[in-house]
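The structure under discussion appears below in the form of structure tokens.
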Amino acid sequence: MEVTTGLTWLQEKLLQNYFGGKKFSLLYKASVHGFSGVELFRKCCQEAPTMSVIYSRDYVMGVYAQKSYDEIDKCSIILFVLQDTNISKCEMSLQTAWKSGIIWSCQGKLSINLETKDVKMASNIIETLGLPKNDPISIQEYEVFRCEDLLDKRKIQGITMDRESLLSTMRTYKPYGDLVPQVRILLLGPIGAGKSSFFNSVKSVFRGHVTCQALVGSDTSGISKKYRTYSIKDERDGNFLPFILCDTLGLGEKEEGLYTEDVVCILKGHISDRYQFDSMKPITSGHQNYIGYPLVKDRIHCVAFVFDANSVERLSPEIVVKIKSIRREVIKCGIVHVALLTHVDSMNLITKGDLIETDRCVPIKLKREAVQRKFGFALSDILVVSNYTSEWELDPVKDVLILSALRQMVWAADDFLEDLPPKERGRCIWWCRSLRVSTTTSWLLPACIYGIPGSSLSLYVLLPCD
Amino acid sequence: MNMTTRLTWNDEKRLRKLFGNVSLSLLYKSSVHGSGVTDMVQHCSHQGSTITMIYLHHVIIGVFMLGNYPRLWERFEEPHYSFFFPFRSKDNITEMHTFPLNMAPQATDNQLTYYLSAEKVFCLCPHNKTLYLHENVIKSLGLFQRRAPDRYEYLECEVFRVEGVKANLSYMKRIMNVTQHRNRLLEELRAYKLYADWVSKVHILLLGPVGSGKSSFFNSVKSVFHGRVTRQAIVGSDITSITEQYRTYSVKDGISGKSLPFMLCDSMGLDETEGEGLCVDDIPPILKGSIPDRYQFNPHKPITPQHSDFIAFPSLKDGIHCVAYVLDINSINNLSSKMVAKFKQIHKEVLNCGMAHVVLLTKVKNYNEVLQDNFLNMKQSMTSQSQVRNVNNMLGIPIHNILMVENYASEFELDPVKDILILSALKQMLRAADDFLEDVPLEETGNLVPFCPS
């Protein structure tokens, strides 16, 4: 017989959250190990704190004790009842425990007898717990769990190590085939989804403290009115990090917000930094921010559709249609895209401890599946993060989520660059910082300029026009 | 008193992954519960499958026990299986040395012992904190190259219960062999040499309904060779096909960067309504190699020889050598008659060309159970499934050419069992193509000299 808990994931999650982000390890299960006090004592001695769960016909009740079974004597315990999704509790102090099969007994107020499988409670306790009166409680199953913190020192250490290795891989990352110096990641999404916050969070992780360069707000009309391309300078050597995050105006319903035409121009690299979006019309080729002949490095290499995990299912049909049509455009341009769910930390049922292993967390899994159904993204393209919005200090758990998402995005950009048709690779220019070549004067394009490190020589290679 | 394991968080995650994404519950820790055999056995007996980790100075010796932990002096009537494995902090997850045993250990007052035909092979003596290992065990675990002592002092001993898998003998055999088998397959495919040496790359065409996972299969293949989940082919689901171009993808090996001897040709999805999805009339030119990479399909109008991109005289080596019909296994029993008719029509075309063909069933949820324990063949229970028989009847494709995979579409981490299925499918396709190429009459191979205008 298998030793697995009879609690559903939801029941387990509710109890985990109720007792302050705990992880449960099942130690004893009566139907397997026998309804015997001796056996229970053997399996659970020297374990604390513990949670003992009693399965009755219609509900689950239990006892949470700070001290271990062999020490319990004059300590306080928490008696709880879980009905549907409601937990009611009653704290009491214990007088005697552990008397040949009787597990708990508190001055006649409570007695739980494992061997005769029955529970007796004083009427006032029954009332506090909201249980039906005059209904005998029988024990159908009895389980004991050890409770540990979901997030302990050992895990924090492991996560901090993960963060360091992710940070260094991101710092030393080189775009595929050195086709571009930096990959461009475009953040698209509804107003208030957390696009600018994501940039701020990424920057904060690399800076080592919380920064807030991009103005963030939850104003309904979208705070970012300008198209911004953000490069991040690495604190250590002053070089720019190998990626650029491009922040846009949020997508709104109907008239307000970003035009699809503008998005296409951005994707192809026609729009330069700080372009002021015009709410009346999309950009035209005569505009001073319009780049006529964009190079591969000016183009978008990966698109991230950003959604607030809490409101993504309630997005209006208009927005959904708009996003789907933009996604079609993105696919038409051959650009790889991912979806980014922000604010997962404030999702229902989620505690900080869940963020260390998001792929094992059922509510997050369900959310990703819901987004897949609604928009048709592949599940592996749906990433989750928790942005820095109200914190003063960095948190390694959030950092790892942010960096992992970023790594998936640069990998996606790599996949795009690898997929580039050979004739377009000619439009890649090796952008040497010492060698300023402005795009408007590069009439001899396409050409490759190779800067030779350590010398002032440059190699110009002219490629046949396509 | 601190009941946390000595393993680091990353090692714990690695261990869980090694055993097939299981959950681990710490049941016993010698420094907390007391180091005697009695203490150990009292916490661990009858808890299901367990892993015992014994921490030596430089390495951890693990013991996986499929059956229950014994009580003191308990003798098991039924067979009992275990294996030993070494676990190092910096070990690569891709290889696991094991030493299997089919005898239950014996727990006495002061030691826990494994015997193999009356000879002691493993003995844990908690009273002086030593571990005895037979030299054969040391050798097969690849431990201690130099002259090894047979007794090791250990620091601590922990026992975990393994949860979240169907723990049976077949599971244990898989866990022991899965990484080795995956690596062997990968090596085999990296070094794959085509029988017909006049073809440098086998062209495999993926054909199937919208959303059946054609592009995902390419991504999955690439992911296996790159060691991370990749997404070069854009995937997703929508009412109409996400793929609208004809793409021929070659895959490079992630380590050596060498090009692999096959190309996966991804087409637009088939749709049962006319004027949607891939045109059936586009298929013959694809098979012959007349359609170039990145050709934009037009669902209403098939390509004509007048089209500027049309390749008029393709050679046999540019054409398709193997067709893989990609189908979602969950949708087979309710394929519409229109779709079936379309498939039959296409299959006729493929048969006309005498081309190799296989069926690739995707989205196999119980993919863990597709292959036999030695990963060489499909299980009887899978081949007798109604979906497989349906495909077999519908297109008359022999069962050994009906392949099953689960694409990488939902997770970020690679899974060796999925890898094996993907690689095995690929291997079968290459073999089928090789058979086809071998069968090509000599005079046709003669025509393969690059076409030169007279």
Side-chain angles (χ1 to χ4, degrees), chain A residues 1-5 24-27 32-34 42-48 68 145-146 148 152-159 161-162 324 327-328 330-332 334-338 356-357 359-360 368-369 372-373 375-381 383 404 408 411-412 414-416 418-419 421, chain B residues 1-13 21 23-27 32-34 39 42-49 160-161 163-164 166-167 211 216 219 222 228-240 242-245 247 249 252 293-294 407-413:
Chain A
M1 216 160 149
E2 261 186 283
V3 193
T4 43
T5 174
F24 301 135
S25 304
L26 181 62
L27 301 171
V32 177
H33 300 125
R42 277 197 185 142
K43 293 275 185 277
C44 310
C45 62
Q46 288 153 308
E47 302 281 4
S68 76
F145 300 84
R146 176 180 50 240
E148 295 155 78
D152 56 11
K153 216 173 109 196
R154 180 180 69 105
K155 286 182 186 163
I156 292 286
Q157 265 172 3
I159 288 159
M161 272 170 64
D162 279 352
K324 279 190 174 174
R327 178 159 159 254
R328 277 281 171 190
V330 172
I331 293 169
K332 224 179 252 171
I335 300 170
V336 187
H337 59 271
V338 295
I356 58 174
E357 277 188 293
D359 44 347
R360 285 189 160 228
R368 286 173 65 205
E369 282 167 8
Q372 181 202 23
R373 278 194 303 275
F375 293 97
F377 297 110
L379 269 183
S380 57
D381 291 346
L383 316 170
S404 308
Q408 294 288 342
W411 275 346
D414 268 1
D415 288 332
F416 165 78
E418 191 179 348
D419 201 50
Chain B
M1 189 170 86
N2 189 6
M3 264 311 272
T4 37
T5 166
R6 223 185 151 88
L7 289 173
T8 64
W9 172 235
N10 286 327
D11 281 345
E12 187 189 329
K13 280 197 286 189
N21 282 327
S23 297
L24 298 173
S25 290
L26 182 60
L27 297 173
V32 175
H33 294 130
D39 304 306
Q42 132 185 348
H43 281 93
C44 308
S45 66
H46 295 264
Q47 294 274 24
S49 302
F160 299 87
R161 184 179 48 236
E163 290 162 27
K166 220 192 273 171
S216 290
N219 280 341
K222 193 180 163 192
R228 65 164 173 91
V229 173
T230 63
R231 32 174 90 81
Q232 182 177 352
I234 298 168
V235 296
S237 50
D238 208 341
I239 319 152
T240 56
I242 292 283
T243 312
E244 291 179 333
Q245 280 187 342
R247 291 301 317 269
Y249 294 109
K252 280 194 187 130
D293 187 19
R294 294 175 200 272
N407 284 329
Y408 282 110
S410 59
E411 61 280 271
F412 307 113
E413 299 262 345

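Basis for what follows: all heavy atoms, side chains included, without hydrogens, waters or symmetry-related copies.
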At a 4.5 Å cut-off on heavy atoms, which part of [X] comes close to chain A: side chain, backbone, both, or neither?
{"X": "S216(B)", "value": "neither"}
{"X": "I234(B)", "value": "side chain"}
{"X": "Y408(B)", "value": "backbone"}
{"X": "S23(B)", "value": "both"}
{"X": "T8(B)", "value": "backbone"}

ask   = If you tally heavy-atom pairs under 4.5 Å against chain B, which of R373(A), Q372(A), E369(A), E357(A) wins?
value =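 Among R373(A), Q372(A), E369(A), E357(A), the one with the most close pairs to chain B is E357(A).
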request  = Would you mind telling me which of I156(A), I331(A), D359(A) has the largest number of heavy-atom pairs within less than 4.5 Å of chain B?
outcome  =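 Among the listed options, the one with the most contacts to chain B is I331(A).
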Under-4.0 Å salt bridge between E418(A) and K252(B) =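 No salt bridge links E418(A) with K252(B).
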Does any part of the side chain of [Y], heavy atoms only, come nearer than 4.5 Å to the side chain of [X], both counted from C-beta?
{"X": "M3(B)", "Y": "E148(A)", "value": "no"}
{"X": "D414(A)", "Y": "T230(B)", "value": "no"}
{"X": "D39(B)", "Y": "Q46(A)", "value": "no"}

key: Backbone of W411(A) reached by a side-chain donor or acceptor of R231(B) within 3.5 Å   =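 Looks like no, no N/O pair under 3.5 Å.
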request  = Give a yes or no answer on whether the side chain of R146(A) reaches the backbone of L26(B) with a donor-acceptor pair at less than 3.5 Å.
outcome  =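 A pair under 3.5 Å: yes.
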task = Just give me the residue among T5(B), D293(B), V229(B) that pairs up with chain A most often, heavy atom to heavy atom, under 4.5 Å.
result =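 Heavy-atom pairs under 4.5 Å are most numerous for T5(B).
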key: Contact leader toward chain A among E163(B), Q245(B), E244(B), R247(B), where contacts are heavy-atom pairs under 4.5 Å   =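 Of E163(B), Q245(B), E244(B), R247(B), R247(B) has the most heavy-atom pairs under 4.5 Å with chain A.
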Might you point out which heavy atoms bring [X] and [Y] nearest each other, and give the distance in Å?
{"X": "F412(B)", "Y": "R368(A)", "answer": "CZ-NH2, 3.7 Å"}
{"X": "D419(A)", "Y": "Q232(B)", "answer": "OD1-NE2, 2.6 Å"}
{"X": "L26(A)", "Y": "R161(B)", "answer": "O-NH2, 2.6 Å"}
{"X": "I242(B)", "Y": "R328(A)", "answer": "CA-NH1, 3.9 Å"}

Proximity breakdown for D152(A) and chain B, heavy-atom pairs closer than 4.5 Å =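 Only the side chain of D152(A) comes within 4.5 Å of chain B.
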Contact origin within I159(A) toward chain B - heavy atom pairs under 4.5 Å =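 Its backbone and side chain both get close to chain B.
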Can you tell me how far the [atom1] atom of [X] sits from the [atom2] atom of [Y], to the nearest 0.5 Å?
{"X": "I356(A)", "Y": "W9(B)", "atom1": "CD1", "atom2": "CH2", "result": "4.5 Å"}
{"X": "D381(A)", "Y": "S410(B)", "atom1": "CG", "atom2": "OG", "result": "11.0 Å"}
{"X": "E411(B)", "Y": "L379(A)", "atom1": "CD", "atom2": "CG", "result": "9.0 Å"}
{"X": "L7(B)", "Y": "R154(A)", "atom1": "CG", "atom2": "CZ", "result": "7.0 Å"}
{"X": "C45(A)", "Y": "H43(B)", "atom1": "SG", "atom2": "NE2", "result": "4.0 Å"}
{"X": "F375(A)", "Y": "S237(B)", "atom1": "CZ", "atom2": "OG", "result": "12.0 Å"}

query = Using a distance-only test with no angle check, is there a side-chain donor-acceptor pair under 3.5 angstrom linking S45(B) and R42(A)?
reply =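 Judged by distance alone, the side chains do not pair up.
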request  = Check step by step if side chain to side chain contact (heavy atoms under 4.5 Å, CB included) holds for K222(B) and D415(A).
outcome  = CA-CA 10 Å; K222(B) 193 180 163 192; D415(A) 288 332; 3.3 Å; yes
